[in-house]
Amino acid sequence: MAFWWPLIVIAIAFAICKLLLMFIPDNVPSIDVDTSDVLDDGNQAKDNSFIYIPSRRHTDKVQCYEPATMKYLGYFPALKPDEVKERVVQARKAQKIWAKSSFKQRRLFLRILLKYIIEHQDLICNISSRDTGKTMVDASLGEIMTTCEKIHWLLSEGEKWLKPEYRSCGRSMLHKVAKVEFSPLGVVGAIVSWNYPFHNIFNPMLAAVFSGNSIVIKVSEHASWSGCFYLRIIQTALAAVGAPENLVEVITGFAETGEALISSVDKIIFVGSPGVGKKIMRSASDTLIPVTLELGGKDAFIVCEDVDVPHVAQIAARGALQSSGQNCAGAERFYVHKDVYSSFVAEVVKIVKSVTAGPPLSGKYDMGAICMQEHSERLQYLVNDALDKGAEIVARGSVGNIGEGAVDQYFPPTVIVNVNHTMKLMQEEAFGPILPIMKFSSDEEVVQLANDSSYGLGCAVFSGSQRRAKHIASQLHCGGAAINDFASNYMCQSLPFGGVKDSGFGRFAGIEGLRACCLVKSVVEDRWWPFIKTKIPKPIQYPIAENGFEFQESLVHTLYGLNIWDRLRALVNVLKILSEQPPAPTSNRRRND
């Protein structure tokens, strides 16, 4: 017992020190980011407040507007291929400097960002809301919390997972040391979607920069206004730690801009649709760069008969309606056991009828606008197809306080029953506030239904028996599963995120996502250099001896034989062959001497 007391005292002292350190304020510099041109103080110039009339054709400008009100926000240039390549050239120069930075410098950059985000949540969410139409609460959940969690994980564990990782050497290389080194790839390119304009920029940027890369991010033409402001935050924080200019760039434009980026960088990360993802794969094949694709989902939300129905109904509504259905990995297919089907539908109907959509910054609304123009027509098309095939709408939420110019930007939350897999609504990604609810009778049936999809991003399974829920989830072909919860995987930033099938491949987030921004290099070196070195045995030196194969055969038995006696017999033969080898012949010159 006397032996353990010192260890216990040391452990208690260490815990106390860690606790006390939590109360010591971090000496993190503050940064000042210019917000003069993004704050809406109600006194907008006339030319920046008119109702935006969308152009049907692409131009040399990316026009920006508030989807909730259709007010004009401004424009950004649609960069041409030569301009994109020049941005990449500058980023590559900056990366060569940044690759030599210390983890201490990189952590300080993250702490400065974290401090700014925490202190300016209202500003960040306000800009996201204006550019995409989401509510402030949805922006906080999807933009702020996820980004803060990623920064916290990188601060806690990032350096650990980028240090060399030592591996076993195997039987034949016991005299060696084997390790994996992770070095920067160079310039990472990212083409990101509009649904989370803040997080979709920060997510790839944080991993790329912390692992020593530079990054050029092509933001969606539907969220360029916010993306260009968020770049200011990043660049100001980088300048505060002495990072080189042009280490992080945000570019704006259309398809031509994205294609030029793919051809110039060392890796591409894409968040978007399967159709565009396939085009990116084809373009990336020209330079054979690694690709990570996150292509959306049609997540199954499974409700067994032994659940707390009101509790799960609330989670279901949040999963389907968040950000007007803009949520990545959104719940889009609801499978409910027949024994609780009626009560579950009744609870969801009650919730949806209480939901009101409207301009998120002009009143207390539960749901915002649809970001993309004409997407409400796409949603109505899916609903109409379901109705034509026998489905029934049992509830719709309300929409209020909408200006005449923005009517088409809203779609009321909708609950549909009597759905089946012949309907496009149950097969195609909707990206909208629709809850199609289907009945199932057994676990086997619901597994088959859930897997009957071209997508495979995530799933959520609810049951009073955690063992049962895990068993169902283990049979679903997707990249992530939440047990008795929805989308909680993404808040665990130590976990990889991605899917299978039409949901893409590769992972971002977690150890896998961080290391995906690296050149993974295997290294082998001598364990006891220079005392023990690799030496080719004489029987297999050139010219190879007549018993060279016999020696090699015996060596394999010695190292990998299935029982000790076979291995010992083989070892004796190896030693015998080595002892029988004649001495190396001397040169003619030495014999003549």
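- Separation of atoms CD (Glu259) and CD1 (Ile191) is listed at 8.5 Å; rounding is to 0.5 Å.
- A donor-acceptor pair shorter than 3.5 Å cannot be found between the side chains of His557 and Glu553.
- From Ile268, atom CD1 reaches atom CZ of Phe270 across 9.5 Å, with rounding to the nearest 0.5 Å.
- Between Glu525 and Lys179 there is a salt bridge, since a side-chain N of the basic residue sits under 4.0 Å from a carboxylate O of the acidic one.
- Within 6.0 Å of CH2 on Trp565 lie no more than 12 heavy atoms contributed by other residues, nucleotides or ligands.
- Going from atom CD of Gln552 over to atom CD1 of Ile577 covers 10.0 Å, rounded to the nearest 0.5 Å.
- A donor-acceptor distance shorter than 3.5 angstrom exists from the side chain of His337 to the backbone of Ser441, with no hydrogens or angles considered.
- In this structure the side chain of Ser193 reaches within 4.5 angstrom of the side chain of Asn200, judged on heavy atoms.
- The shortest distance between side-chain heavy atoms of Ile511 and Ser494 does not fall below 4.5 Å.
- No donor-acceptor pair closer than 3.5 Å links the side chain of Ser214 to the backbone N or O of Gln95.
- Under the 3.5 Å distance criterion, the side-chain polar atoms of Arg318 are left unmatched by any main-chain donor or acceptor of Phe486.
- Of the charged side-chain nitrogens involved, none lies within less than 4.0 Å of a carboxylate oxygen, so that Lys298 and Glu428 do not count as a salt-bridged pair.
- Minimum interatomic distance between Ala260 and Pro81 (heavy atoms only, all atoms of both residues): CB-CA, 3.6 Å.
- Panel note: side chain Ser283, backbone Ile262; no donor-acceptor pair is recorded below 3.5 Å.
- Of the possible polar contacts, one joining the Ser285 side chain to the Arg282 backbone as a donor-acceptor pair under 3.5 Å is found.
- Taking CD1 of Ile251 as the start and NZ of Lys218 as the end, the distance is 7.5 Å to the nearest 0.5 Å.
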*Report the C-alpha distance between Leu476 and Val461 in whole Å, list the side-chain angles of each, state the deciding distance to 0.1 Å, and finish with yes or no for side-chain contact (heavy atoms from CB on, under 4.5 Å).*
CA-CA 10 Å; Leu476 303 186; Val461 184; 4.3 Å; yes
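- No donor-acceptor contact under 3.5 angstrom links the side chains of His477 and Asn451, judged on distance only.
- Taking all atoms of both residues into account, the shortest heavy-atom contact from Leu295 to Pro274 is O-CD, 3.6 Å.
- Taking the ring centroids of Trp98 and Phe210, they lie at or beyond the 6.0 Å cut-off.
- Shown here is Phe549, whose CZ atom has no more than 12 heavy atoms of other residues, nucleotides or ligands within 6.0 Å.
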Counting only pairs under 3.5 Å, give me each side-chain donor-acceptor contact of residues 164-176, with atom names and distances, residues two or more places apart or in other chains.
unit_1, atom_1, unit_2, atom_2, d
Glu165, OE1, Arg515, NH1, 3.2
Glu165, OE1, Arg515, NH2, 2.8
Glu165, OE2, Arg167, NE, 2.6
Glu165, OE2, Arg167, NH2, 2.6
Arg171, NH1, Leu559, O, 2.6
His175, NE2, Thr534, OG1, 3.4
Lys176, NZ, Asp526, OD1, 2.7
Lys176, NZ, Thr534, OG1, 3.0

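- A centroid separation of 6.0 Å or more is found between the aromatic rings of Tyr335 and Phe440.
- Checked by atom type and distance alone, the side chain of Glu181 never pairs as donor or acceptor with a backbone atom of Lys521 at under 3.5 Å.
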*asked:* Set out, in order, the CA-CA distance, both residues' side-chain angles and the distance that settles side-chain contact (heavy atoms from CB on, under 4.5 Å) for Phe103 and Leu162, then state yes or no.
replied: CA-CA 10 Å; Phe103 282 111; Leu162 291 176; 3.8 Å; yes
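- The CD1 atom of Ile233 sits 9.0 Å away from atom CD1 of Ile201, with the distance rounded to the nearest 0.5 Å.
- Summarising the geometry, atom CG belonging to Leu110 is positioned 6.0 Å from atom CG belonging to Leu206; distances are rounded to the nearest 0.5 Å.
- No donor-acceptor distance shorter than 3.5 angstrom exists from the side chain of Asp299 to the backbone of Ala331, with no hydrogens or angles considered.
- No side-chain heavy atom of Val180 sits less than 4.5 Å from a side-chain heavy atom of Val523.
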*Given side-chain contact (heavy atoms from CB on, under 4.5 Å), test Ile118 with Leu114 step by step and report yes or no.*
CA-CA 6 Å; Ile118 293 171; Leu114 183 60; 3.8 Å; yes
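- Checked for salt-bridge contact, Arg468 and Asp443 meet the test: a charged N lies under 4.0 Å from a carboxylate O.
- At a threshold of 4.5 Å between non-hydrogen side-chain atoms, the residues Val336 and Met438 do not count as touching.
- Between Arg507 and Thr292 the shortest side-chain heavy-atom distance does not fall below 4.5 Å.
- Considering Phe508, Tyr490, Tyr230 in turn, Tyr490 is the only one that fulfils the ring-ring contact (aromatic ring centres under 6.0 Å, His included) rule with His199.
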*With side-chain contact (heavy atoms from CB on, under 4.5 Å) as the test, would you mind laying out the steps for Leu154 and Glu159 before giving the verdict?*
CA-CA 7 Å; Leu154 284 170; Glu159 181 179 358; over 6 Å; no
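- In terms of the side-chain contact (heavy atoms from CB on, under 4.5 Å) criterion, residue partners of Gln235 (sequence neighbours excluded) are, by chain and number, Leu231, Glu249.
- In this structure, Arg106 is not positioned above the aromatic face of Phe109 in the sense of NZ or CZ being under 6.0 Å from the six-membered ring centre and within 45° of the axis.
- The environment of Gln448 atom CD is sparse: at most 12 non-hydrogen atoms of other residues, nucleotides or ligands sit within 6.0 angstrom.
- Closest non-hydrogen pair, Ala237 versus Ile112, comes out as CB-CG2, 3.8 Å.
- The shortest heavy-atom contact between Gln105 and Val241 is NE2-O, 2.7 Å.
- Closest of all the heavy-atom pairs between Leu293 and Val291 is CD2-CG1, 3.4 Å.
- At least one side-chain heavy atom of Val209 sits less than 4.5 Å from a side-chain heavy atom of Val248.
- For Thr558 against Arg567, the heavy-atom pair with the smallest separation is O-NE, 3.1 Å.
- Judged purely by atom type and a 3.5 angstrom limit, Gln541 uses its side chain to pair as donor or acceptor with the backbone of Ile536.
- Here the side chain of Asn547 pairs no donor or acceptor atom with the backbone of Glu550 at under 3.5 angstrom.
- Counting non-hydrogen atoms of neighbouring residues, nucleotides and ligands closer than 6.0 angstrom, the CD1 atom of Ile564 exceeds 12 such neighbours.
- Cys148 is listed as a side-chain neighbour of Ile144, based on a closest heavy-atom distance under 4.5 Å.
- Asn213 places a side-chain N or O within donor-acceptor distance of the main-chain N or O of Gly186, the cut-off being under 3.5 Å.
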Let me check something: any side-chain donor-acceptor pairs from residues 87-94 under 3.5 Å, sequence neighbours excluded? List them with distances.
unit_1, atom_1, unit_2, atom_2, d
Gln90, NE2, Glu86, OE2, 2.7
Arg92, NH1, Asp266, OD2, 2.8
Arg92, NH2, Ser264, O, 3.0

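- You'll find the ring centres of Phe462 and Phe301 inside the 6.0 Å limit.
- Looking only at atom types and distance, the side chain of Trp153 has no donor-acceptor partner in the side chain of Glu149 under 3.5 Å away.
- Within 6.0 Å of NE2 on His152 lie no more than 12 heavy atoms contributed by other residues, nucleotides or ligands.
- Taking the side chain as every heavy atom from C-beta outward, Val192 and Ser220 never approach each other to under 4.5 Å.
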